[in-house]
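Working notes, structure below.
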Amino acid sequence: MAQTLQFCPPPSLSSQPILHTMQRSPPVQTFKLPQKSLNFQTLKDICKDGNLRETFLSFSNLLTFQNPHQVLADEAYSITLDLCARKEALTQGQQIHAHILTSGFTSDMVFLSTKLVFMYGKCGSLTNARRLFDQMPQRTTFTWNALIGSYVSNGQPNEALELFREMQLQRIAVDACTFATLLKACATLKDPNFGPAIHGLAVKSGFGSSVFVVNSLVAMYAKCGDVSRSRQLFDRMLERGDVVTWNSIISAYSLQGQPLEALKLFREMQNAGVSMNSYTVVGTLQACQELSFAKLGMEIHNALLKLGRNLHIYEANALLVMYARCGRMDEAVRVFQQMDNRDDISWNSMLSGFVQNGLYEKAIKIFHEMQDAGQKPDQVSVINIVSASGRLGTLLNGMECHGYAIKHGLDSYLQVGNTLVDMYAKCCCVIYMGRVFNKMPDKDYISWTTAIAGYAQSCCYLEALRLFREAQVERMQVDALMIGSILLACGGLRYIPHVKQIHNYVTRHGLFDLVLANTIIDVYGECGEIEYASRIFESIENKDVVSWTSMISCCIHNGLANEALDLFYDMIDTGIAPDSIALISILSAAASLSALSKGKEIHGFLLRGGFSLEGSIASSLVDMYAKCGTIDYSYKLFDRITHKDLVLWTSMINASGMHGHGREAMALFTRLKETDLIPDHITFLAILYACSHSGLIEEGKRYLEIMRSEYQLEPWPEHYACVVDLLGRANCLDEAYRFVKSMPIQPTAAVWCALLGACRVHSGHELGEIAARKLLELEPENPGNYVLVSNVFAAMQRWKDVDGVRIRMKTMGLKKNPACSWIEVGNEVHSFTTRDRTHPLNEEIHLNLAQITEKLEREGGYVPETKYVLHDVGEEEKVKMLYGHSERLAIAFGLISTPEGTPIRITKNLRVCGDCHAFTKLISRFFKRELVVRDANRFHHFQGGVCSCGDFW
DNA sequence: GTAGGGTTAG
């Protein structure tokens, strides 16, 4: 007949002082007793198996019915309490505690109380452990060690050290265990002083060569970053060490990021005949987290499988992490699926594995799976899932995760907050980012750096600077990353004095590293401070490819494309191999100079260097060939590229557009639609631009329409400007103005600029005045606008207004960009300004130009059209001015310095004027030359007296 | 008589 025994604290217990140490009453649990009686040896055997329930049955049977002798009862309590500690079974432990108090069997209260302190510590109930300890009238070294151990394993290393001080004061004897435990506390604290101090005491107390102590020392020094000290101790211990000694040193090297040494020691350990255990497996797998060591990791995996036992959870988790770090998520998934037990670390490791490998959708999926499986996501899960949403840039997903964090009280974790700030920044949602940042209860310097970078990268430069000042007030640590963001902000704002200040700050605080120096070159470059940029560039001793590229970009950005090309060749001479970014920059320099032979040279360089022609490099080449006037090369190259991405299609459409190949651009767009790619804002900008340059009005309007209706792309001001340009060029000025007024967004300067340009060409006086006023209102600091406006007034013969504009421009300290044309001859770029007389062949050029003009007047009926001279000067002077236009000088030079019949390619920084356009047409006819002129806006191909633009530009 | 040292996610 089965009997039942209830385990619950008896009511009388509440009067006993020791009960107050209990924080909560254990729930009532009922175990059925087996009919067969058991003896103490059976209890021991069952306990060894580790089955808590069986042990309890056996325990209660023994205690109640079989053996009323106290000594035996003590031992029964003891082994059962040990099992509770091992299983972290607090409830059962408390029941035994209650039982001890009521039974009165115990002969050695110090011994059993120590066991209880130990049990409570292991079960995470520090308060119970401490109260019990405090109430004990007598304590042994074991008791002290048990409580010190409780503090260490419950993450309170400082309290552990404090207790040790108390122990010293009371002159309690210490043992090896005391030191081993204390050294573990020192390892968690990572304080460079505590560990060696305890080490010294251990030696003094005669425990310096205890294997327990030395093993702890090896681990402690490694965790405090002094792996060489660990190695010293290990080498001295080698003869007397055990498996733990080996495990400690292997883990030390893995931890330190020296996988080779760790793996070497693993081999040595095997050669020494020391058999490994699960700690060895984990430590070694940690060293296999680089792709090159993955093979060994897989060998260990196979060896584990051959053992024919289930994997320990630590082993399986380490395998997951190893495979994830090696990029083998398929293997990680396989291990994960075969695990019979999964803990929070297993789930989180999978989750972070997916995130690390860029498999964000799968990360989101497993986040839901873990919830379905009853594993509650914790702060680590949330950090990973929020980070995945950020990298996906999916705001809605990110907000959902944020909601989850709030609902489960995880948003107050510092790292969760930091990741949320980063996620909102990556989703381009600086407003929410700011809110999360402001609400964070604690912030570290990572929070500040992330938020500042978020603002700077979203072009909220002022906000970035404001936060930076606040960070300084808060005395936050300022690191190179934060400075990088601030430089970005100052660069964006063109705050040159600020940039200089930061430059000083960086120098004074010794923060100047290569990365920062390169960034400062970039920023000075952006701000037009070529001198400063160059000075820093020169001062860098070990320039890397980024330093060179930054300086090259600085030159390109400031119109020094020739210098950029020189720098590029200098870099190659120095022995630094250009990377794709350097090559893309230099291609843009060749493109901006229309330096075809340089461009071809770089193309050759790319092919020789084994760069695959795809991605940005392919698009840059297409763009370069188009801008060098050889659109045919662009088409050929484009057709040869197998993997065409959207940027490449867009570049090709844009290239067609600038050469006036509107129909080809449309055909390309149709082909693009047949692929899997989806045109974006930039693609539509290119096609609208192409339509406007080929006078395809209806087509352009249709593209704007399908952009909105078919692709749900809300047009940017740039798209509207393109349509205004399109209508304006076609002399539909009224429609253009109506269009501007009907825009759903405020028209920007670019829109008014397009309208104004059209008014000038088509003499739209009244409208021109409206557009001019709006333009100067919106962009009073752009000198180009004043030039355009004064030109419009000049075309209306309103010379007083012209003067007014010029005076206003002067008082604002603005200067018009001077005209400049250039031509590449014999691998060198020759440039000419208006009425330039500085060229070595100056005499010949001017003589030739006079002869050409005469021939064209005589044979081609050329008459200078002085209405294009927008200066209030006499007729004769106007003719002189026309003759001095930079493109004519370049053409004259081209004619005398290149073989007959070869094409001449000229590039001009401003738009070509009407008179020069007519002049060039005649040259192409009477000198039988093909001329390709690229102006600020487009290409003109002159051949046999006609231009590809159809006189429409 | 006890235990104590070495391991996994961010």
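Every chain is numbered from 1, with letters handed out A, B, ... down the list of sequences. What you see is a predicted model, and the numbers here were worked out from it, not measured in a lab. All values below were derived from every heavy atom in this structure, side-chain atoms included, with hydrogens, water molecules and symmetry-related copies excluded.
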- Item | Test: A/R231 and A/D235 ion pair at under 4.0 Å | yes
- Task: Could you check how far OH of A/Y253 sits from P of B/dG6, rounded to whole Å?
- Result: 18 Å
- Flag the pair A/W144 / A/F133 as yes when their ring centroid distance falls below 6.0 Å, and as no otherwise. yes
- Task: Examine A/R391 relative to A/Y360 and say whether NZ or CZ is less than 6.0 Å from the centre of the six-membered ring and inside a 45° cone about the ring axis.
- Result: no
- Separation of atom NZ in A/K223 from atom P in B/dT7, rounded to whole Å: 4 Å
- Task: Please find out if less than 6.0 Å separates the ring center of A/F179 from that of A/H199.
- Result: no
- Item | Cationic N near anionic O, under 4.0 Å, A/K376 to A/D378 | no
- Check the geometry between A/F111 and B/dG1 and answer yes if their rings are stacked (centres below 5.5 Å, planes below 30°), otherwise no. yes
- Query: So, A/R130 and A/E159, do they make that salt bridge, N to O below 4.0 Å?
  - Reply: no
- Message: Please report whether the ring centroid of A/F266 lies less than 6.0 Å from that of A/W246.
- Response: no
- Message: If you compare every side-chain N and O of A/K184 against the phosphate oxygens of B/dA3 (OP1, OP2), does one of them come in below 4.0 Å?
- Response: no
- Please state whether the base of B/dG10 and the side chain of A/N348 form at least one donor-acceptor pair under 3.5 Å? no
- OP1 or OP2 of B/dT8 less than 4.0 angstrom from a side-chain nitrogen or oxygen of A/R342, does that happen here? no
- Answer with base, sugar-phosphate or nothing: what part of the nucleic acid does A/N277 contact at a heavy-atom distance below 4.0 Å? base
- Message: Closest approach to the side chain of A/V243, judged atom by atom: which nucleotide of B/dT7, B/dG4, B/dG6 is it?
- Response: B/dG6
- Query: Charged N to carboxylate O under 4.0 angstrom, A/K365 versus A/E369?
  - Reply: yes
- Query: What is the distance, rounded to the nearest whole Å, between atom CZ of A/F207 and atom P of B/dG4?
  - Reply: 17 Å
- Item | DNA chain B-proximal residues of residues 327-340 of chain A, any heavy atom under 4.0 Å | none
- Check: A/F336 ring centroid to A/W347 ring centroid under 6.0 Å: yes
- Heavy-atom contacts under 4.0 Å between residues 349-380 of chain A and DNA chain B, which residues? A/S349, A/S352, A/Q356, A/D378, A/Q379, A/V380
